[in-house]
Undergrad: 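Quick one: this structure, given as structure tokens, is what I'll be asking you about.
Here is the naming used below: chain letters follow the sequence lines, and residue numbers restart at 1 for every chain. This one's a predicted model, so the numbers in the text were calculated from it and none came from an experiment.
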2 protein chains.
Amino acid sequence: MSPKPMARPGGRSARVQESVHAAVRELVGEVGRDALTVPMVATRAGVTPSTIYRRWGDLHELLSDVAVERLRPETDPADLGSLRADLDAWAEQFLDEMASPPGRAYIRDALLGDPDGINAGQCSAYAAEQIDAVLARAVQRGEPVPETELLFDRVVAPIMYRVLFRPGRLDAAYARELVTNAVYTLQIDAGAPPTQAAAPRRSKKPDS
Amino acid sequence: MSPKPMARPGGRSARVQESVHAAVRELVGEVGRDALTVPMVATRAGVTPSTIYRRWGDLHELLSDVAVERLRPETDPADLGSLRADLDAWAEQFLDEMASPPGRAYIRDALLGDPDGINAGQCSAYAAEQIDAVLARAVQRGEPVPETELLFDRVVAPIMYRVLFRPGRLDAAYARELVTNAVYTLQIDAGAPPTQAAAPRRSKKPDS
DNA sequence: ACCTTAATGCGAATTTGTTGCTTCTAGCCG
DNA sequence: CGGCTAGAAGCAACAAATTCGCATTAAGGT
């Protein structure tokens, strides 16, 4: 069912996969996601519908595949000289991408046709890669770093939860606030006295 | 499209809605969610398929509706005498329900057929009700309480994120840990010295 | 009790999804 | 290098689903 373990990665199979993915991307832009149908994609891709049904099962799994492709980060997180700056920048960009209408659509699609949670796990793995890259640099600089899991709980999870469940204002300030609170915890762990600026505050509620 | 703003809430419409929902619940148990079809549900409910298509649009939106019904908490959170105890108990139960196979299925269904995010917002509202009930009691007792939004970020979001994106071990200890960290922050805000037991720790990673 | 109109029922027409079989070809072995 | 083998795609007939126009029913208001 899942198209990932391709027994024959090369040649025609690969061409068909790329052709179908391209057709989906084009048609989503032209007629919109809701109007997409498997026969339509098949025609555009120059294959027969049964090929798509056999390889992907249904439209949702195909869209899920395409969505995961587009959720893959294409660039490493920027190096701004400090853990805090890097995390701020990454969190802001992450929130921007995920909260934008296309981002939401991709997330939904990725979750949609994904019986085994494989694609969802892949999304999570992408975020982990980016976070780990930031943390590794911080370690190189000799900075104390939080665990990846803490950042998932404190930064990634709140963003994703609100994107999915709470249609409300999600802005860069919120992302920075999450990072602040995560790093604040770290400072306490490290024994440093918390500064006033780093104190948690929730003056702004991103939802209604 | 969305069935909520029923122009005619009473009489036949209500009977049809209940009949269809019941049919879905029965058939999911009998043949499984994957084998469900709209005509099948229609036959069981004693309505014509076109009625379902017109009111719900497609099977996913119908399943989303039914899922939200089942995600509605049927009982108020227990009163165990303290904010901490109440939150622990609530978080444990919440995690149990959401991480269980049927719970995961309901969450996925609720998100799945929900173009406007209305049903997802309803899920979030249910959690808010429960949390607010716990917090209101704590206020009555004179305890300092965190804001609802903080608990969403620190407790609800991490649980839901992991349920959706990180198939891994989610146990009661993790729920308590999240509550501990949320309340720990509160204690700092209130000026109380953090105890060792309340210090954040992430010895257990709920995922691989 | 009557009127208005949303909501349902019904069935034909259309579209989508499935299946068995054939054909093609990438990867492999001699 | 040339012929096997099996996975993958094409094809076509079939089965199932979704859509649509129109007739009918029944809530809710007057």
Undergrad: Assign A:Ser50 to base, sugar-phosphate, or nothing according to its heavy-atom contacts below 4.0 angstrom with the strands shown.
TA: base
Undergrad: Report yes or no: is the cationic atom of A:Arg166 (NZ for Lys, CZ for Arg) under 6.0 Å from the centre of the six-membered ring of A:Tyr161, at an angle within 45° of the ring normal?
TA: no
Undergrad: Quick check for you: among C:dG17, C:dT8, D:dA9, whose closest atom lies nearest to any side-chain atom of A:Val38?
TA: C:dG17
Undergrad: In whole angstrom, give the distance that lies between atom CH2 of A:Trp56 and atom P of C:dT16.
TA: 18 Å
Undergrad: When you measure from the side-chain N and O atoms of A:Thr48 to the phosphate of D:dG10, is any distance below 4.0 Å, counting only OP1 and OP2?
TA: yes
Undergrad: How close or far is atom P of D:dA17 from atom CG of B:Leu36, stated in whole angstroms?
TA: 11 Å
Undergrad: Yes or no on side-chain hydrogen bond (donor to acceptor under 3.5 Å, both in side chains) for B:Gln122 and B:Arg72, after CA distance, side-chain angles and deciding distance?
TA: CA-CA 9 Å; B:Gln122 189 59 50; B:Arg72 163 183 290 149; over 6 Å; no
Undergrad: Any side-chain N or O of B:Tyr53 below 4.0 angstrom from OP1/OP2 of D:dT18?
TA: yes
Undergrad: Looking only at side-chain atoms of A:Arg15, point me to the closest of C:dT16, C:dA26, C:dT8.
TA: C:dA26
Undergrad: Output the rounded distance in Å from CG (B:Leu59) to C1' (D:dT18).
TA: 12 Å
Undergrad: Take the protein atom CZ of B:Arg12 and the nucleotide atom C1' of C:dA6, then report the distance between them rounded to whole Å.
TA: 10 Å
Undergrad: Does D:dA17 have OP1 or OP2 under 4.0 Å away from a side-chain N or O of B:Thr37?
TA: yes
Undergrad: Which whole-number value in Å describes the distance from B:Arg55 CZ to C:dG9 P?
TA: 10 Å
Undergrad: What integer distance in Å separates A:Glu61:CD from C:dG17:C1'?
TA: 14 Å
Undergrad: Taking NZ, NE, NH1 and NH2 as the nitrogens, is one of them in B:Asp86 or B:Arg141 under 4.0 Å from a carboxylate oxygen of the other?
TA: yes
Undergrad: Measure up the A:His21 and A:Trp56 rings against each other and bin them: parallel (under 30°), tilted (30 to 60°), perpendicular (over 60°).
TA: tilted
Undergrad: Starting from C1' on C:dA7, measure out to CD1 on B:Ile52 and report it in whole angstrom.
TA: 14 Å
Undergrad: For B:Arg44, does the CZ atom sit with more than 12 other heavy atoms under 6.0 Å from it, leaving out its own atoms?
TA: yes
Undergrad: What about A:Arg54, does its side chain sit under 3.5 Å from the base of D:dG10 through a donor-acceptor pair?
TA: yes
Undergrad: How close or far is atom P of C:dA7 from atom CD of B:Gln17, stated in whole angstroms?
TA: 12 Å
